[in-house]
Engineer: 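Here you go, one structure.
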Amino acid sequence: MTVMRPALTGTLGGVAATHWLASSVGMGILERGGNAFDAAVAAGFALQIVEPHSNGPGGDVVIAAYSRATGTVRIVCGQGPMPQAASLDAFAALGIKQMPAGGLLPATVPGAFGAWMRLLGEFGTMPLESVLEPAIGYASRGYPLLPAAASTIGAMAGLFRTEWTESGRTYLPGGAVPAAGSRMRNEVLADTYRRLIREARAKSADREAQIEAAHHAFYQGFVAEAIDRFARNTEVFDSTGRRHRGLLTGDDLASWRPGVEAPCELPYGEFTVHKPGPWSQGPVFLQQLALLQGCDLRAMGLGSAEYVHTVAEAAKLAFADREAWYGDPEQTPVPMAELLAAEYSAERRALIGERANLDPQPGRPGGAEPWIPVAEPAEQPGADEPEWMSHLRSGLPTVTPAGPRAGAGNTCTVAVADAWGNLVVAVPSGGWLKSAPVIPELGFALGTRGQTAWLTEGHPNSLAPGRRPRTTLSPSIVLRDGAPFLAFGTPGGDQQDQWTLHAFLAVAEFGYEPQAAAELPAWHIDHFAQSFAPRLSRPGVVVVERSFDPAVLAVLEKKGHRLDVVPESTLGKVCSAGVDPATGFLRAAAGPRGRQAYAVCR
């Protein structure tokens, strides 16, 4: 294959993000003496501005951080829980059988701000103002609007003009749909950031105290008060086709703090892979690795029909377990140790046959009986329904017809490696411009991660007050022989732990450098219902880019796989940063898909 971008290496730092401006922001922080964690925070806030169709301050983030000082990986959980008023009875009383995709009802506590503050306070070195300055600049002076953001605004313009009028004031300057590449601003959001800084300064001159004061201003101060007023007093037209007030309150925000926890981890040869816990889909990456450890992938050959078949079948088994067993371990028992046990993996591996399994079932760790809920049928559009209504019913930020199929444009990523040996990778999402209306006093919308919970009793991912809905956000950090090696992530909803797995296997099993691995032809299974409304599924389908060898596709079809061939370079934007063990140089890589992810090294 011809690699489109060079393998970047340096000595000061490496940054990769899903927007070139965020990568530049991160590198700028490193050049000013900040560490990887400072750089990730600044880039993360910049992403909230320059990718408003994929994330925002009202959304969530999951962060994996390796500190060379402690030699440990930690996970910062920026997935906020459901409100205390969000019960199955509350939704039943509204006549709702499936969690809506858009509006105020599926809103969780906004976790992104708190998680970034926790990372900055506990791992970073720079003051709050320094890491917020670039985001404020882009929000105030303007940034170039991405084509995907322009398409999303255009698709939602009718709703913004008639119902979500504050979103219209924010994203329809002069009442018109902005063109791709035009200069966009969000002065209200810039003022929100400025006020957070002012209130932090007023409390103390100490760095850590200012960070804590900013957290307080967001979760117990003026931000929480504005969210509480808006949710209580505003009837918002949502994806049910009706208007509802929100369930989120200021008390919900005040009682939440982001957690820092040990990761789930799995040895894989000389590597140790670290993922967030089963409140995310992260362990499904580890389960796939555990299944594939008993397969001779190198003998099969990267990208061969046997290789793709084997990895696809392992993915089906791992994702079946995700669907049956994953949930918030603080509220429901999750048999994670059993799911990653060697004996259990061997039993599951034996189920991989020569033909595609069109009915993969979850396992029975410890003899427990699994259960996968069945999604309610998707609501059919009415004859007079506006076009934007179908986009509102989709829980994904993408509005293009191929979006749900290709998984493009969902979520953001930033990965950083610094000269001190620290690694960090974050996957921010939620609070995008089509999730809910912009709150007038704040300039941002709430996230709708609650849509991933089931409105049914007794499942690990059932809706419950204060429970974290299982998130798709899934960063990865890999150590090699105990030393920092690679931090990576990608946008892509349910596909994140497939696209990143394929890139990692190319590095770990076949010796690819990360940039080449990120550019390989991509593919994923689409068998199980998506985590996002309307929870579409396509049993037996493997989505592949057109750049695959036709002979490989022919063999896969003979094995019983149902192929969906999509345009080349449309699946994922894998971003990574790490250390080259041969030279000690820092490196960064970004997949070229979508023509916006970029890596920089110095």
Side-chain angles (χ1 to χ4, degrees), residues 263-268 271 273-295 297 307-327 329 334-353 356-366 368 370-373 407 452 459-461 470-476 478 488-490 492-505 508-509 522-531 537-543 561 572:
C264 288
E265 61 181 70
L266 184 80
Y268 186 81
F271 305 99
V273 185
H274 303 81
K275 299 291 294 186
W279 48 267
S280 77
Q281 69 169 352
V284 80
F285 188 106
L286 305 180
Q287 285 199 253
Q288 291 174 92
L289 282 181
L291 290 164
L292 294 170
Q293 276 185 324
C295 305
L297 299 179
Y307 175 89
V308 174
H309 168 76
T310 301
V311 177
E313 294 304 293
K316 290 177 186 177
L317 296 172
F319 275 82
D321 280 344
R322 183 198 76 164
E323 291 300 289
W325 299 113
Y326 290 17
V334 180
M336 209 62 253
E338 292 88 342
L339 291 170
L340 291 174
E343 183 179 354
Y344 177 83
S345 299
E347 293 173 359
R348 300 285 282 164
R349 187 183 309 118
L351 300 175
I352 299 176
N357 183 354
L358 300 182
D359 189 27
Q361 296 297 308
R364 291 170 167 77
W371 172 45
I372 299 178
T452 66
H459 188 269
N461 194 35
R470 191 195 69 209
T471 182
T472 54
L473 308 181
S474 189
S476 307
V478 178
F488 54 90
T490 184
D494 294 273
Q495 287 79 41
Q496 290 178 37
D497 283 304
Q498 297 185 69
W499 297 336
T500 54
L501 176 77
H502 305 159
F504 171 68
L505 289 175
E509 293 284 0
W523 59 278
H524 64 265
I525 66 164
D526 240 3
H527 182 89
F528 294 100
Q530 290 183 352
S531 296
S537 64
R538 299 194 296 161
V541 168
V542 178
V543 182
H561 295 283

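Worth saying up front: this structure is predicted, and the values here are computed from it rather than measured. Only this structure's heavy atoms are used, side chains among them; waters, hydrogens and symmetry mates stay out.
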Engineer: Working to the nearest 0.5 Å, report the span between CZ of Arg538 and CD of Gln530.
Structural biologist: 8.5 Å
Engineer: Can you name the one residue among Asp494, Thr472, Thr452, Asn461 that meets side chain to side chain donor-acceptor pair (under 3.5 Å) with Ser531?
Structural biologist: Asp494
Engineer: Taking C-beta and beyond as the side chain, do Val308 and His561 meet within less than 4.5 Å on heavy atoms?
Structural biologist: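 Contact flag for Val308/His561 side chains = no.
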Engineer: Should the pair Phe488 and Phe285 be assigned to parallel (<30°), tilted (30 to 60°) or perpendicular (>60°) ring geometry?
Structural biologist: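 Answer is tilted, since the angle falls between 30° and 60°.
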Engineer: Testing the basics here: between His309 and Ala356, what is the closest heavy-atom pair and its distance to 0.1 Å?
Structural biologist: CE1-N, 3.8 Å
Engineer: Determine, stepwise, if the pair Glu323 / Arg470 fulfils salt bridge (charged side-chain N to carboxylate O under 4.0 Å, His left out).
Structural biologist: CA-CA 10 Å; Glu323 291 300 289; Arg470 191 195 69 209; 3.3 Å; yes
Engineer: Determine whether Gln287 and Phe319 satisfy the following criterion, side chain to side chain contact (heavy atoms under 4.5 Å, CB included), listing intermediate values before the conclusion.
Structural biologist: CA-CA 9 Å; Gln287 285 199 253; Phe319 275 82; over 6 Å; no
Engineer: Mind checking whether Pro335 and Trp325 have side chains closer than 4.5 Å, heavy atoms only?
Structural biologist: yes
Engineer: With a 4.5 Å limit on heavy-atom distance, are the side chains of Asp321 and Val284 in contact?
Structural biologist: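 No, side chains not in contact.
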Engineer: What is the minimum heavy-atom distance between Asp497 and Gly282, and which atoms define it?
Structural biologist: OD2-CA, 3.9 Å
Engineer: Looking at Gly540, is its backbone amide N or carbonyl O close enough to the side chain of His527 to form a donor-acceptor pair, meaning the two atoms are under 3.5 Å apart?
Structural biologist: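 Side chain of His527 to backbone of Gly540: a pair is present.
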Engineer: I'd like to know if the side chain of Arg349 reaches the main chain of Leu291, judged simply by a donor and an acceptor atom lying under 3.5 Å from each other, with no hydrogens or angles considered.
Structural biologist: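 Yes.
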Engineer: Between Tyr344 and Pro365, which heavy-atom pair has the shortest distance, and what is it?
Structural biologist: CE1-N, 3.9 Å
Engineer: Measuring from Thr490:OG1 to Leu501:CG, what's the distance to the nearest 0.5 Å?
Structural biologist: 12.5 Å
Engineer: Going through the distances and angles, do Leu505 and Leu297 end up as a side chain to side chain contact (heavy atoms under 4.5 Å, CB included)?
Structural biologist: CA-CA 9 Å; Leu505 289 175; Leu297 299 179; 4.1 Å; yes
Engineer: Let me confirm one number: the CD1-NZ distance from Ile352 to Lys316, rounded to the nearest 0.5 Å.
Structural biologist: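 Separation between the atoms: 10.5 Å.
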Engineer: I want to check something: taking the side chain as every heavy atom from C-beta on, are Thr500 and Phe504 in contact at a cut-off of under 4.5 Å?
Structural biologist: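 Not touching, per the 4.5 Å side-chain cut-off.
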Engineer: Just by distance, do the side chain of Arg322 and the backbone of Pro283 share a donor-acceptor pair under 3.5 Å?
Structural biologist: no
Engineer: Return yes if some donor-acceptor pair links the side-chain N/O of Arg348 with the main-chain N/O of Leu317 below 3.5 Å, else return no.
Structural biologist: yes
Engineer: Checking side-chain polar atoms at under 3.5 Å, does His524 have a donor or acceptor matched by the opposite partner on Trp499?
Structural biologist: yes
Engineer: Check whether Gln498 reaches the backbone of Ile525 with its side chain - one donor and one acceptor, N or O, closer than 3.5 Å.
Structural biologist: yes
Engineer: Counting distance only, does the side-chain N/O of Lys275 pair as donor-acceptor with the main-chain N or O of Glu265 below 3.5 Å?
Structural biologist: no
Engineer: Checking the side chain of Gln496 only, and the main-chain atoms of Ser474 only, is there a donor and an acceptor separated by less than 3.5 Å?
Structural biologist: yes
Engineer: Enter the distance from Ser537:OG to Ile372:CD1 here, rounded to the nearest 0.5 Å.
Structural biologist: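 CD1 of Ile372 is found 10.5 Å from OG of Ser537.
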Engineer: Can you name the nearest heavy-atom pair linking Val334 to Gly327, along with the distance?
Structural biologist: CG2-O, 3.7 Å
Engineer: When rounded to the nearest 0.5 angstrom, what is the spacing between CD in Glu313 and CG in Leu292?
Structural biologist: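 Taking CD in Glu313 and CG in Leu292, the distance rounds to 11.0 Å.
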Engineer: Check Cys264 against Met336 and note the closest heavy-atom contact, atom names and distance.
Structural biologist: SG-CG, 3.9 Å
Engineer: Donor-acceptor pair, distance only, cut-off 3.5 Å: does the side chain of Gln288 make one with the backbone of Ala318?
Structural biologist: no
Engineer: Side-chain contact, heavy-atom cut-off 4.5 Å: Pro460 with Tyr326?
Structural biologist: no
Engineer: For the OG atom of Ser476 and the CG atom of Leu286, what is their distance to the nearest 0.5 Å?
Structural biologist: 8.0 Å
